[in-house]
A.B. asks: 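Sending over a structure as structure tokens; questions will come in a sec.
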Amino acid sequence: MGLFGRRKSREERAAEIAAQVAGGKGFYGRTTRAFLGREDYARVQESMGAYNSGLGVQQLLAAGAPTTSAVVVSISDTGQLINHDPVVDLVVQPSGGGDRITLRTIVSKLRIPRTGDEVLLVADPARPGAYLYAGDGATP
């Protein structure tokens, strides 16, 4: 411990800056919002939302949250990349029946699901009745 308390790691500082940019708060967020147009700033926020939902899914799976299997009906590319992984729009049909679900999510470029593949979904605790993409169940 230093004279002024514990110093933040680079990862912690980068996460803070990313949160400021996505929220439009703080120096970095206001500057980003000022230099980007409304449409481009909305894309930044969508990308950050997809990234954060991926982190949330990892935490839910580690905590033992139940998963639901679903079959991919269609997949389309959004043209966005996060850490070189594509952001896609997935339409899935739950295996137990029910309505089709549309998700915007990040998928691994090494394990992109195809139409007819079985994938896993996790219930979104922030939005009751909504789901998050949890991958294909295979360990990467």
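Scope of the values below: all heavy atoms of this structure, side chains included, with no hydrogens, waters or symmetry mates. Residue numbers count from 1 along this sequence.
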A.B. asks: Suppose we screen for salt bridge (charged side-chain N to carboxylate O under 4.0 Å, His left out). Which residues come up paired with D89, at least two apart in sequence or across chains?
C.D. replies: R104
A.B. asks: May I have all residue pairs that pass salt bridge (charged side-chain N to carboxylate O under 4.0 Å, His left out) and include part of residues 74-84, sequence neighbours excluded?
C.D. replies: none
A.B. asks: Other than L110, what residues sit in its cluster of Ile, Leu, Val, Met, Phe, Trp and Tyr side chains whose heavy atoms are under 4.5 Å apart, directly or through others?
C.D. replies: none
A.B. asks: Does any N or O in the side chain of D85 come within less than 3.5 Å of the main-chain N or O of K109, such that one atom is a donor and the other an acceptor?
C.D. replies: yes
A.B. asks: Where is the tightest heavy-atom contact between A134 and V122, given as atom of each residue plus distance?
C.D. replies: CB-CG2, 3.6 Å
A.B. asks: Enter the distance from L90:CG to L103:CG here, rounded to the nearest 0.5 Å.
C.D. replies: 6.0 Å
A.B. asks: Mind listing the closest non-hydrogen atom pair of A70 and L121 along with its distance?
C.D. replies: CB-CD1, 3.9 Å
A.B. asks: For A130, which residues count as a side-chain contact (heavy atoms from CB on, under 4.5 Å) partner, sequence neighbours excluded?
C.D. replies: D124, R127
A.B. asks: To the closest 0.5 Å, what do you measure between CG (D117) and CZ (R111)?
C.D. replies: 10.0 Å
A.B. asks: Grab the two heavy atoms, one from P113 and one from I75, that are nearest each other, plus how far apart they are.
C.D. replies: O-CD1, 3.4 Å
A.B. asks: Between R100 and Q93, what is the shortest heavy-atom contact and its length?
C.D. replies: CG-OE1, 3.0 Å
A.B. asks: Under the side-chain contact (heavy atoms from CB on, under 4.5 Å) test, which residues partner T31, sequence neighbours left out?
C.D. replies: F27, F35
A.B. asks: According to side-chain contact (heavy atoms from CB on, under 4.5 Å), who are the partners of K25, at least two apart in sequence or on a separate chain?
C.D. replies: none
A.B. asks: Which pair of non-hydrogen atoms, one from Y133 and one from V107, has the smallest distance, and what is that distance?
C.D. replies: CE2-CG1, 3.7 Å
A.B. asks: Are any of the side-chain heavy atoms of P94 and I101 separated by less than 4.5 Å?
C.D. replies: yes
A.B. asks: Share the residues that join V91 in a hydrophobic cluster, the rule being Ile, Leu, Val, Met, Phe, Trp or Tyr side chains under 4.5 Å apart at the heavy-atom level.
C.D. replies: V73
A.B. asks: Partners of D40 by salt bridge (charged side-chain N to carboxylate O under 4.0 Å, His left out), sequence neighbours excluded?
C.D. replies: R43
A.B. asks: List for me each residue that meets side chain to side chain donor-acceptor pair (under 3.5 Å) alongside T78, sequence neighbours excluded, and say none if there are none.
C.D. replies: none
A.B. asks: Using the side chain to side chain donor-acceptor pair (under 3.5 Å) criterion, which residues pair with R13? Sequence neighbours excluded.
C.D. replies: E16
A.B. asks: Provide the full list of side-chain hydrogen bond (donor to acceptor under 3.5 Å, both in side chains) pairs with a residue in residues 64-75, sequence neighbours left out, each pair given once.
C.D. replies: S69-S95
A.B. asks: Name all residues meeting the side-chain contact (heavy atoms from CB on, under 4.5 Å) criterion together with S9; count only those two or more places apart in sequence or in a different chain, and write none if there are none.
C.D. replies: E11, E12
